[in-house]
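Data block below; observations after.
Only this structure's heavy atoms are used, side chains among them; waters, hydrogens and symmetry mates stay out.
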Amino acid sequence: DLMLVKGKFYLACVCDIDDPKLIDTIEALGVDLGIANIATDSDGRRYTGETVEKVRANLHRRRAGLQARGTKAAKRRLRKLSKKQARFQKHENHCISKALVDAAQRTGRAIGLEDLTHIRRRVTARRGQRARLSNWAFAQLRQFVAYKARRAGIPVLLVDPRHTSQGCSCCGSIDKANRKSQDTFSCTGCGHRDHADINAARNIRSRAEAALRNPALSSARLAA
């Protein structure tokens with residue numbers, strides 16, 4: 001296809017490549033997607049959202065000023081800012097998804113993700129996090145993980161997200177009181193303490209591994 005994009009011509013060539021056979025494994029890398037930390041895996045790695053949030057907040061301030069002006073020049077600038085944020089976010093999601101797939105491929109594991117369909121309808125965010133939630137490109141990140149994993153032959157399973165943040169990854173006890181704060185998980189049953197996102201990622205790992213061992217008994221599904 002010959003394309004004209006912003007005054008420049010590009011020739012797009014399409015290559016059809018067969019997907020490799022998915023690896024046979026019963027182990028998984030659990031990944032918790034969040035707002036403060038964009039992604040946290042069950043090995044303890046956290047991909048912070050601080051840089052993304054700084055860019056988002058800066059662009060939000062600039063957009064507010066331009067919207068207040070309302071001139072034609074301001075509207076042109078607003079369109080450019082919108083594209084700038086999307087490009088930055090897309091780059092970050094590519095980097096995170098590549099790191100997650102590389103970690104799973106090195107160790108011969110599948111990847112477990114929460115099935116976050118309609119998450120914005122189901123999650124109530126605090127006032128300070130509402131803008132971050134509405135700007136959260138989790139669907140794009142999951143899509144990037146899925147296609148990169150498929151290309152590497154890594155299965156990606158979507159598991160039930162209920163109680164992953166309130167359940168203990170050691171004893172399985174579920175209690176709202178276990179989640180002491182945004183960052184801290186402390187089990188009221190066995191006393192296990194961990195970073196809240198890492199604990200959630202390990203719960204996701206357990207559900208993904210259960211699905212790998214007994215797919216007929218699990219509600220988990222392979223990512224499309």
Side-chain angles (χ1 to χ4, degrees), residues 17-52 90-117 119 136-172 183-185 187 190 192-224:
I17 301 174
D18 292 335
D19 290 336
K21 184 179 179 181
L22 297 180
I23 63 171
D24 186 15
T25 180
I26 57 172
E27 296 185 331
L29 177 71
V31 180
D32 177 61
L33 303 181
I35 300 175
N37 294 306
I38 298 176
T40 303
D41 69 28
S42 52
D43 290 343
R45 286 181 291 265
R46 283 180 281 161
Y47 303 87
T48 178
E50 288 182 7
T51 303
V52 174
K90 186 176 182 180
H91 171 74
E92 289 292 307
N93 280 340
H94 269 304
C95 292
I96 294 170
S97 59
K98 184 177 186 299
L100 292 170
V101 172
D102 285 348
Q105 188 175 24
R106 282 196 309 270
T107 52
R109 290 178 289 178
I111 295 176
L113 296 172
E114 294 171 287
D115 188 350
L116 296 178
T117 305
I119 183 65
W136 183 25
F138 66 88
Q140 184 187 70
L141 177 56
R142 193 184 80 177
Q143 180 187 21
F144 287 175
V145 170
Y147 92 75
K148 285 180 171 64
R150 189 184 307 116
R151 194 168 57 190
I154 304 297
V156 177
L157 294 100
L158 304 180
V159 306
D160 187 345
R162 286 178 293 182
H163 307 307
T164 53
S165 63
Q166 299 173 3
C168 178
S169 60
C170 285
C171 71
D183 295 333
T184 306
F185 181 91
C187 181
C190 69
H192 170 68
R193 292 178 63 87
D194 206 342
H195 189 282
D197 292 341
I198 295 175
N199 178 76
R202 289 174 178 163
N203 284 329
I204 294 167
R205 176 188 63 190
S206 297
R207 296 183 186 187
E209 290 180 344
L212 289 168
R213 293 186 176 95
N214 297 293
L217 302 178
S218 174
S219 60
R221 58 188 178 88
L222 283 171

Taking all atoms of both residues into account, what is the closest heavy-atom pair of Ala39 and Ile96, and its distance?
CB-CG2, 4.0 Å

Closest non-hydrogen atom pair, Ala28 against Leu212:
CB-CD1, 4.2 Å

Review item, side-chain donor-acceptor pairs of residues 102-113, under 3.5 Å, at least two apart:
| from | atom 1 | to | atom 2 | distance (Å) |
| --- | --- | --- | --- | --- |
| Asp102 | OD2 | Lys98 | NZ | 3.1 |
| Thr107 | OG1 | Ala103 | O | 2.9 |
| Thr107 | OG1 | Ala104 | O | 3.4 |
| Thr107 | OG1 | Arg109 | NE | 2.7 |
| Thr107 | OG1 | Arg109 | NH2 | 3.2 |
| Arg109 | NH1 | Asp43 | OD1 | 3.2 |
| Arg109 | NH2 | Asp43 | OD2 | 2.7 |

Are side-chain heavy atoms of Cys187 and Cys171 found at a separation under 4.5 Å?
yes

Distance-only donor-acceptor check, side chains Asn199 and Ser169, under 3.5 Å:
yes

Identify all side-chain donor-acceptor contacts of residues 160-167 below 3.5 Å with residues at least two apart in sequence or on another chain.
| from | atom 1 | to | atom 2 | distance (Å) |
| --- | --- | --- | --- | --- |
| Asp160 | OD1 | Arg162 | N | 3.0 |
| Asp160 | OD1 | Arg162 | NE | 3.2 |
| Asp160 | OD2 | Arg162 | NE | 2.9 |
| Asp160 | OD2 | Arg162 | NH2 | 2.6 |
| Thr164 | OG1 | Glu114 | OE2 | 3.1 |
| Thr164 | OG1 | Pro161 | O | 3.0 |

For the pair Val31 and Thr40, evaluate side chain to side chain contact (heavy atoms under 4.5 Å, CB included) and give the outcome as yes or no after the intermediate values.
CA-CA 6 Å; Val31 180; Thr40 303; over 6 Å; no

Rounded distance [0.5 Å steps], OG in Ser97 versus CD in Glu92:
11.0 Å

Let me confirm one number: the CG-OG1 distance from Asp197 to Thr48, rounded to the nearest 0.5 Å.
10.0 Å

Of all heavy-atom pairs between Val101 and Ala149, which one has the smallest distance, and what is that distance?
CG2-N, 3.8 Å

Take atom CG in Asp19; do more than 12 heavy atoms of anything else shown fall under 6.0 Å from it?
yes

Rounded distance [0.5 Å steps], CZ in Phe144 versus CG in Asn93
6.0 Å

Looking at CZ of Arg46 and CD1 of Ile38, how far apart are the two atoms once the value is rounded to the nearest 0.5 Å?
13.5 Å

For a quick test of reading the model, state the closest non-hydrogen atom pair linking Ala152 to Pro20 and the distance between them.
C-CG, 4.1 Å

Please name the pair of heavy atoms, one in Ala146 and one in Val156, separated by the smallest distance, quoted to 0.1 Å.
CA-CG2, 4.3 Å

By ring pair (Phe, Tyr, Trp, His ring centres under 6.0 Å), His192 pairs with (sequence neighbours left out) none

For Val159 versus Ala220, what's the shortest heavy-atom pair and its separation?
CG1-CB, 3.9 Å

Kindly compute the distance separating CZ (Phe185) from CZ (Arg193), expressed to the nearest 0.5 Å.
10.5 Å

Under the side chain to side chain donor-acceptor pair (under 3.5 Å) rule, what pairs show up with a residue in residues 201-216, not counting sequence neighbours?
Asp194-Arg202

Using the salt bridge (charged side-chain N to carboxylate O under 4.0 Å, His left out) criterion, which residues pair with Arg142? Sequence neighbours excluded.
Asp115

Once side chain to side chain contact (heavy atoms under 4.5 Å, CB included) is applied, do any residues pair with Ile23, and if so which ones, sequence neighbours excluded?
Thr25, Ile154, Pro155

